Structure formats: structure tokens, C-alpha cells
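These numbers come from the heavy atoms of this one structure, side chains and all, not from hydrogens, waters or symmetry mates. All figures in this text were calculated on a predicted structure; none of them were measured in a lab.
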Amino acid sequence: AMLRLRLLTWDVKDTLLRLRQPLGESYAAEARAHGVQVPPDTLSRSFREAYEEQSRRFPNYGRGQGLGSRQWWGDVVKQTFRLSGVHDDRVLTAMAEQLYHDFCSARSWELMPGASETLRQCHQRGFRMGVVSNFDQRLETILCHCGLRHHFDFVLSSEAAGFAKPDGRIFQQALSLAGVPPGLAAHVGDDYARDYRAARALGMHSFLLCSGEQPEVPSEHVLPTLSHLLARIEK
């Protein structure tokens, strides 16, 4: 039986868009532009450490603590370079500004396989569509630059919502923006806990984009690629 759905909500990072190159490579290139040599793998490790620490201290871009994503990311970038042995404040500030700007541009991102076509087909089928993403306020700009914004009725970032997945309140905001009850909505994402399980906990349907085996997810809910979505909905 075909699923009766009126709304599809979408995660963005690693669902619709992915980074064109590993983050460590982008950071290393930025360092080189400032005359500083740092190995990409060192930067990747430092970034993970800086990002996790910042997320623990200031969850969801520090929105609840008056921080805001620009300062939040600036601090992550500077700390990433400090942990990698770069300490010149002037250079740190310049790199943080530039990287914040660079990750807004289409140059940093590429479409996931099947993304454009799948969104177009879902749109044609008459689904209402929205984005529900643990992202900062740059998301709208990034989606515009990557040619995806026009598919969506709304874009809900965790920074704007004030709640980050797996908190059900971000999904509730999406459902009320669309005026659709959870049973007529499905979420598409790549993270088991934040996307798949969190949406289902609210009574939504959901699909997990995932290349490997996912023992805790029924196979009809797993998408090896985005191009499998409509067949799963319409089977």
C-alpha cells in the first residue's frame, strides 16, 4: 500500500549536500594562504576535538547562551588551529572569518547522488517539502547557492528553531509550519538517532539514507541512495 504522505522533511549535510573535500584539506589550504603549513590530518583531529568541546559547552551554536553561530564557529576554527600549533591571533582571526565565509559558498559543497532529481520528482508529485537540519543560520544561503532552495516551503535550522535533533520540538515546529499531522509526514536523513529514530518517536514516518547494513532499521525504511525514495513511498 502506498504511504499517504503530505509532507517530506529533509536533513541536509550528508543527505542532500556533502563537503567537496575533507574539512582538514580546506583548513590546510586556508593556512597555506596565510603562509602557515599544517598537515590536513592534524587539522581533522584537532577540529573533532574543538568541535566536540564547543558543542558540549555551547550546544546548538550557543543560541541559548547568546553566542550565535558566527562567534561559535570562529572559536571552533581558532581552537582547531591552536591545537594544531598555530598561535598568531591576527592570522587566527583572519582564517576564522574567511572559513566562515567559504563554507557558505557552493564551492565548498556538492550535491549527493540523486538529490536534484529526487527533489524535483517529489515536488512534481505534490508533496510539501521542508528542511529540518542541525545547522546554523547560513543554511538558507547555502541551499540558494547550491540551487536547492526553491524545492522547499520552509528551511528550519536548529539555530533558528532553538532546538537540535533529536529533540522532537524541532520536528514539531516543522509540522506546524506545514500544518500537517505527524502521520502524514516523513523525514529523510542519514543519522540513525537524530533523523530516523527522532522522527519516528513523534509518530512521523522516516527513511534512513545509508549504504551499509542497518540491523535496527527495517530494510523498507533504508535508502541505499536518494533515488530509492519514491519507490519506497509508492510501493
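- With a 6.0 Å radius and a threshold of 12 heavy atoms from other residues, nucleotides or ligands, R194 has its CZ atom at or below the threshold.
- Between the side chain of R20 and the backbone N or O of W109 there is at least one donor-acceptor pair closer than 3.5 Å.
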**Asked** Stepwise, does the side-chain contact (heavy atoms from CB on, under 4.5 Å) test hold for F58 with V76?
**Response** CA-CA 11 Å; F58 301 104; V76 169; over 6 Å; no
**Message:** One pair to check against side-chain contact (heavy atoms from CB on, under 4.5 Å): V132 and D11. What are the steps and the verdict?
**Reply:** CA-CA 5 Å; V132 177; D11 172 54; over 6 Å; no
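- Residue M129 is not grouped with residue I170 when hydrophobic side chains (ILVMFWY) are merged at heavy-atom distances under 4.5 angstrom, including chains of intermediate members.
- There is no path of hydrophobic side-chain contacts, each under 4.5 Å, that joins L202 to Y192.
- For N60 (side chain) and S158 (main-chain N/O), a donor-acceptor pair under 3.5 Å exists by modelled atom type.
- Cluster annotation: L230 is not connected to V222 through the hydrophobic network of ILVMFWY side chains, with a link wherever side-chain heavy atoms come within less than 4.5 Å.
- Put simply, the side chain of F81 does not reach to within 4.5 Å of the side chain of V91, judged on heavy atoms.
- For the residue pair A186 and M204, the shortest heavy atom distance occurs at C-CE, 4.1 Å.
- Taking CH2 from W72 and CD from Q54, the interatomic distance works out to 5.5 Å, rounded to the nearest 0.5 Å.
- Looking only at distances, a side-chain donor or acceptor of Q65 sits under 3.5 Å from a matching main-chain atom of R57.
- Screening residues 154-179 for ring pair (Phe, Tyr, Trp, His ring centres under 6.0 Å), with sequence neighbours left out, gives F171-H187.
- Inter-residue side-chain proximity for R18 and P113 is flagged as met; some heavy-atom pair is nearer than 4.5 Å.
- Residues passing the side chain to side chain donor-acceptor pair (under 3.5 Å) test with D88, sequence neighbours excluded: none.
- Within the 4.5 Å cutoff, the side chain of Y51 has no heavy atoms near those of the T80 side chain.
- Considering CD of Q137 and OG of S157, their distance stands at 7.5 Å, rounded to 0.5 Å.
- By the criterion of side-chain heavy atoms lying less than 4.5 angstrom apart, applied directly or through intervening Ile, Leu, Val, Met, Phe, Trp or Tyr residues, I233 is grouped together with M112 in one hydrophobic cluster.
- Taking the side chain to side chain donor-acceptor pair (under 3.5 Å) definition, one finds that W73 meets it with D136, sequence neighbours left out.
- Under the salt bridge (Lys or Arg N to Asp or Glu O under 4.0 Å) criterion, D75 pairs with no residue, sequence neighbours left out.
- One finds the CG atom of L16 at 10.0 Å from the SG atom of C146 (value rounded to the nearest 0.5 Å).
- Listed by first and then second residue, the salt bridge (charged side-chain N to carboxylate O under 4.0 Å, His left out) pairs that reach into residues 95-104 are R70-E97, D102-R107, sequence neighbours excluded.
- Using a distance-only test at 3.5 Å, with no hydrogens or angles considered, no donor-acceptor pair links the side chain of R6 to the main chain of V180.
- Taking OG from S227 and CD from Q121, the interatomic distance works out to 7.5 Å, rounded to the nearest 0.5 Å.
- With sequence neighbours excluded, no residue forms a side chain to side chain donor-acceptor pair (under 3.5 Å) with R90.
- No donor-acceptor pair closer than 3.5 Å links the side chain of H151 to the backbone N or O of H123.
- In terms of the side chain to side chain donor-acceptor pair (under 3.5 Å) criterion, residue partners of E159 (sequence neighbours excluded) are, by chain and number, S69.
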Can you give the donor-acceptor pairs under 3.5 Å from side chains of residues 205-220 to other protein atoms, not counting sequence neighbours?
from : atom 1 : to   : atom 2 : distance (Å)
H205 : NE2    : G183 : O      : 3.2
S206 : OG     : Y196 : O      : 2.9
S206 : OG     : R200 : NE     : 3.1

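- Evaluation of the salt bridge (Lys or Arg N to Asp or Glu O under 4.0 Å) rule for E117 yields R120 as partners, not counting sequence neighbours.
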**Item:** L19 vs F103, side-chain contact (heavy atoms from CB on, under 4.5 Å): CA-CA, chis, key distance, verdict
**Value:** CA-CA 9 Å; L19 290 175; F103 279 91; 3.5 Å; yes
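- Salt-bridge formation is not detected for the pair K165/D191: no Lys NZ or Arg NE/NH1/NH2 atom is positioned less than 4.0 Å from an Asp or Glu carboxylate oxygen.
- Residues L8 and L184 do not share a hydrophobic cluster, defined by chaining ILVMFWY side chains whose heavy atoms lie under 4.5 Å apart.
- Across every non-hydrogen atom of L111 and S116, the tightest pair is CD1-OG, 3.9 Å.
- Nearest approach of G130 to L7, heavy atoms of both residues: N-CD1, 4.3 Å.
- Take D190 and apply the salt bridge (Lys or Arg N to Asp or Glu O under 4.0 Å) test, not counting sequence neighbours, and it matches no residue.
- A donor-acceptor pair under 3.5 Å links the side-chain atoms of R138 to the main chain of Y100, judged by distance alone.
- The aromatic rings of F47 and Y27 sit perpendicular, their planes meeting at an angle over 60°, well past the 30° parallel limit.
- Between A193 and P166 the shortest heavy-atom distance is O-CB, 3.8 Å.
- Evaluated for a side chain to side chain contact (heavy atoms under 4.5 Å, CB included) with V131, the options V12, T9, D153 yield exactly one hit, V12.
- Heavy-atom minimum distance, L156 versus A161: CD1-CB, 3.9 Å.
- Heavy-atom minimum distance, T15 versus V188: CG2-O, 3.9 Å.
- Interatomic distance, R45 CZ to L83 CG, rounded to the nearest 0.5 Å: 11.0 Å.
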**Request:** Begin from the C-alpha positions of L226 and W10 and carry the test side-chain contact (heavy atoms from CB on, under 4.5 Å) through to its verdict.
**Result:** CA-CA 11 Å; L226 289 176; W10 299 79; 4.0 Å; yes
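- Taking the salt bridge (Lys or Arg N to Asp or Glu O under 4.0 Å) definition, one finds that E140 meets it with R149, sequence neighbours left out.
- Distance check, rounded to the nearest 0.5 Å: CG of L139 to OG1 of T141 gives 8.5 Å.
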Let me check something: any side-chain donor-acceptor pairs from residues 28-39 under 3.5 Å, sequence neighbours excluded? List them with distances.
from : atom 1 : to  : atom 2 : distance (Å)
E30  : OE2    : H34 : ND1    : 3.4
H34  : ND1    : E30 : O      : 3.1

